[in-house]
Protein chains: 2
Amino acid sequence: MKKPTIKIIAKDAGVSEMTVSRVINNPELVSEATVKKVLKSMEKYNYKPKMIAKILKGRKSKTVGFLISSRQEFYISPFYGECIRSAATALKDFSLRTLSFNLLDTLSKSLFVDYANSGLLDGMIIFEGTFQEDITEVLRVNNIPFVYVGETFQENSDIVSISSDSYEGARKGMKYLINTGSKNICFVTGTGSKPSYIHRKQAYLDAISEANLEYQNVIETERSMMGGMLAAEKLIKQKEEINAVFCFCDVIAIGVIKRLQERGVTIPKEIRVLGFDNIPFAKYTTPALTTIAQDTEKMGMIAANSLLKLMFNEPLENTNIIVPTELIIREST
Amino acid sequence: MKKPTIKIIAKDAGVSEMTVSRVINNPELVSEATVKKVLKSMEKYNYKPKMIAKILKGRKSKTVGFLISSRQEFYISPFYGECIRSAATALKDFSLRTLSFNLLDTLSKSLFVDYANSGLLDGMIIFEGTFQEDITEVLRVNNIPFVYVGETFQENSDIVSISSDSYEGARKGMKYLINTGSKNICFVTGTGSKPSYIHRKQAYLDAISEANLEYQNVIETERSMMGGMLAAEKLIKQKEEINAVFCFCDVIAIGVIKRLQERGVTIPKEIRVLGFDNIPFAKYTTPALTTIAQDTEKMGMIAANSLLKLMFNEPLENTNIIVPTELIIREST
DNA sequence: TTGTAGGCGTTATCAA
DNA sequence: TTGATAACGCCTACAA
């Protein structure tokens with residue numbers, strides 16, 4: 001059985017196509033009797049309007065896209081789960097549906113570009129790790145508003161970004177480590193030059209300097225559990241002098257803890273480990289991970305609300321939104 | 001600047017719209033000089049054909065959708081990460097792009113339905129946990145082939161499903177626990193009546209019966225880390241008699257381990273814990289989790305290849321594909 | 001309240 | 001090798 005079109009329904013109900021269209025989009029303009037008749041025919045044929053035909057006519061898709069990327073061990077960074085979920089929930093109140101694009105390669109990018117060019121996307125939330133000039137260009141050409149979540153923009157201040165207060169969070173963590181007795185603290189971070197890397201590292205350095213500590217050691221590694229393992233290898237050799245390890249993120253911290261334990265180091269007794277993010281798994285490591293929590297749920301909500309303002313042309317007070325963090329003390333320190 | 005259409009390009013290049021279309025889709029039918037001319041105009045206007053207009057004309061979208069669902073702590077079950085990735089990789093060889101639909105509520109379902117009805121989807125891979133009659137109905141009406149991954153179909157044998165050998169895997173795990181000295185073994189599982197639940201439970205019962213063990217204890221809980229914690233609470237009260245806990249999945253096992261440790265139980269010395277799945281985190285728990293690995297990468301590949309056969313009308317030998325599992329012994333047992 | 005005509009951007013079909 | 005025409009399914013604008 002062929003798929004029914006508006007034409008079939010119109011004929012079956014004995015009305016014009018326009019009347020059917022009205023029943024779908026503005027039933028209040030049609031007489032009750034006609035509405036009933038048309039609905040019956042639609043039911044009979046199980047008619048579903050084709051979204052792409054509407055869109056071709058210039059209608060909105062009522063869809064917001066998420067741009068995410070996969071890192072090593074995860075299809076979606078565990079950090080973003082809640083963020084995506086809360087953003088989707090906020091958008092739902094405006095009947096906006098959500099769709100995730102995973103940027104893996106040229107092919108997956110072509111899908112996103114096709115969608116953007118086709119009017120299939122009314123708005124976009126771009127997550128940290130997927131920002132690329134050509135993508136924002138595509139969005140701009142198609143007048144698709146977007147916000148950026150998880151990383152700060154320093155120069156392009158016209159881009160709305162929502163991120164955690166990396167510097168303050170890292171300072172909080174360092175202060176805690178120092179105040180509770182750690183002197184030789186190492187910082188394990190990812191490679192790159194994003195603001196979050198820079199801010200957390202600066203916080204680490206400033207904290208050491210202000211406390212007049214002598215030891216200072218930054219290790220760069222891949223941002224993954226395996227990367228944490230590798231970093232821990234290097235740490236082992238310096239075991240005697242290190243009291244604590246401050247990790248750029250929980251995922252790295254998990255790897256650090258694991259490898260240190262495998263090498264016989266007791267955590268936190270010999271070396272304390274501090275993470276950043278507070279991913280769902282953080283409280284299930286042994287010992288449970290002390291970390292600086294990012295309020296991902298709040299970030300998702302703010303991202304959604306900011307995007308909504310952009311979509312509805314409402315004013316936005318601030319394009320650089322910083323969300324506070326919270327130190328969560330568990331057992332690894 | 002308005003977005004360029006094929007009409008603009010045609011005018012600019014001094015050819016008909018059809019010729020432009022040919023340059024895009026069948027350049028070999030157009031003279032070299034004309035191709036050059038048209039390409040230049042396309043470049044000049046940065047012209048991108050609108051995918052939805054093509055699709056409205058009956059073209060394929062070259063897109064395969066994934067249907068996934070969120071469970072408690074994870075946006076995407078950690079179990080499916082690799083599976084999705086390997087499926088996407090296999091489909092890529094056929095220039096098929098992939099897109100994930102997260103089935104959260106009616107709204108997100110409406111997006112999927114709209115896409116299916118619009119010809120935006122050429123094929124579908126449905127992951128365990130998202131199977132719903134109305135969804136397969138939508139797919140059938142629109143002639144969209146699909147395969148089901150992660151769970152077996154017993155009755156509807158015309159549906160292609162790819163799943164792990166749950167019974168055999170669980171038997172393997174139980175055999176190992178029993179052969180290495182555990183007598184009082186508890187089974188912590190999820191609630192429901194899916195084949196995987198039934199098969200693993202049956203394997204547990206059969207193993208106990210064949211070994212002539214007396215102790216038998218099945219605890220049902222939510223399929224999450226928190227669910228594992230709750231199950232462990234119940235276990236604590238039976239601490240004296242239990243030697244080992246076999247968990248339906250790693251996610252539950254992680255919660256079980258954590259709560260048992262919090263209550264002072266030493267793992268594996270006092271109680272051994274066995275998982276199922278081998279999610280990426282499994283080797284980072286302390287102690288590292290012994291588990292029955294599902295070959296998710298293989299499952300993803302098979303799913304993709306089976307779907308391709310369906311899409312290309314090639315014969316499929318078997319609709320009920322079972323993938324073997326592997327016991328991975330780590331430290332928790 | 002309902003209907004007619006035309007077009008959104010592309011391609012299939014046939015003709016030149 | 002190229003072009004004219006109609007059509008995909010729906011909706012805007014106007015008319016009745």
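Within every chain, numbering begins at 1; the chains are lettered A, B, ... in the order of the sequence lines, protein sequences first and strands thereafter.
Under the salt bridge (Lys or Arg N to Asp or Glu O under 4.0 Å) criterion, A:K109 pairs with A:D134, sequence neighbours left out. Residues that satisfy the salt bridge (Lys or Arg N to Asp or Glu O under 4.0 Å) test with A:K62, not counting sequence neighbours, are absent from this structure. Residues passing the side chain to side chain contact (heavy atoms under 4.5 Å, CB included) test with A:T89, sequence neighbours excluded: none. When the side chain to side chain contact (heavy atoms under 4.5 Å, CB included) test is applied to A:K54, the partners found at least two apart in sequence or on another chain are A:I24, A:N25, A:P49, A:R59. Here B:K44 pairs with B:D12 under the side-chain hydrogen bond (donor to acceptor under 3.5 Å, both in side chains) rule; sequence neighbours left out. Applying the side chain to side chain contact (heavy atoms under 4.5 Å, CB included) rule to B:D93 yields no partners; only residues at least two apart in sequence or on another chain are considered. Not counting sequence neighbours, the partners of A:E128 by the side chain to side chain contact (heavy atoms under 4.5 Å, CB included) test are A:R71, A:Y80, A:E151, A:K194, A:R223.
Summarising the geometry, the separation between CD1 on A:I6 and C1' on D:dT12 is reported as 13 Å, rounded to the nearest angstrom. Between B:L120 atom CG and D:dC8 atom C1' there is a gap of 15 Å when expressed in whole angstrom units. As a whole-Å value, the separation of B:M18 CE from D:dT2 P is 12 Å. The NZ-P distance, from B:K36 to D:dT1, rounds to 16 Å in whole Å. Straight-line distance from the NZ atom of A:K48 to the P atom of D:dC10: 13 Å, rounded to whole Å. Regarding A:Y45, its OH atom lies at a distance of 17 Å from the C1' atom of D:dG9, rounded to whole Å.
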Mind listing the side-chain donor-acceptor pairs of residues 28-39 of chain A below 3.5 Å, one per line with the distance, residues two or more places apart or on another chain?
{"from": "A:S31", "atom 1": "OG", "to": "A:T34", "atom 2": "N", "distance (Å)": "3.3"}
{"from": "A:S31", "atom 1": "OG", "to": "A:T34", "atom 2": "OG1", "distance (Å)": "2.7"}

N/O donor to acceptor pairs below 3.5 angstrom from side-chain atoms of residues 305-316 of chain A, sequence neighbours left out:
{"from": "A:N305", "atom 1": "ND2", "to": "A:M301", "atom 2": "O", "distance (Å)": "3.2"}
{"from": "A:S306", "atom 1": "OG", "to": "A:I302", "atom 2": "O", "distance (Å)": "2.7"}

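Within the helix from C:dT1-D:dA16 to C:dA16-D:dT1, the inter-axis angle between the opening and closing five-pair segments is 40°, rounded to 10°.
Within residues 56-64 of chain A, the residues approaching DNA chain C are A:L56, A:K57, by heavy-atom distance under 4.0 Å.
Note: A:I68 CD1 to A:L103 CG = 9.5 Å, rounded to the nearest 0.5 Å.
Residue contacts shown for A:V15 are limited to sugar-phosphate atoms, with no base heavy atom under 4.0 Å away.
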Should B:D158 and B:F153 be marked as a side chain to side chain contact (heavy atoms under 4.5 Å, CB included) after you check the CA-CA gap, both sets of side-chain angles, and the distance that decides it?
CA-CA 9 Å; B:D158 57 320; B:F153 258 80; over 6 Å; no

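Boundaries of the chain A contact region on DNA chain C are C:dT1 to C:dG9, first to last in 5' to 3' order (nucleotide atom under 4.0 Å from a heavy atom).
For A:T5, no side-chain nitrogen or oxygen approaches OP1 or OP2 of D:dC8 to under 4.0 Å. Listed pair A:K50 / D:dC10 fails the phosphate criterion, with no side-chain N or O lying under 4.0 Å from OP1 or OP2. Contact annotation: B:S16 side-chain N/O to D:dA4 OP1/OP2 distance is not under 4.0 Å.
The residue among B:R22 and B:P49 whose nearest nucleotide of DNA chain C is located toward the 5' end is B:P49. Each of A:N26 and B:L29 has a nearest nucleotide on DNA chain D; the 5'-most of these lies closest to B:L29.
Classification of B:D114 and A:K50 as a salt-bridged pair fails, no side-chain N sitting under 4.0 Å from a carboxylate O.
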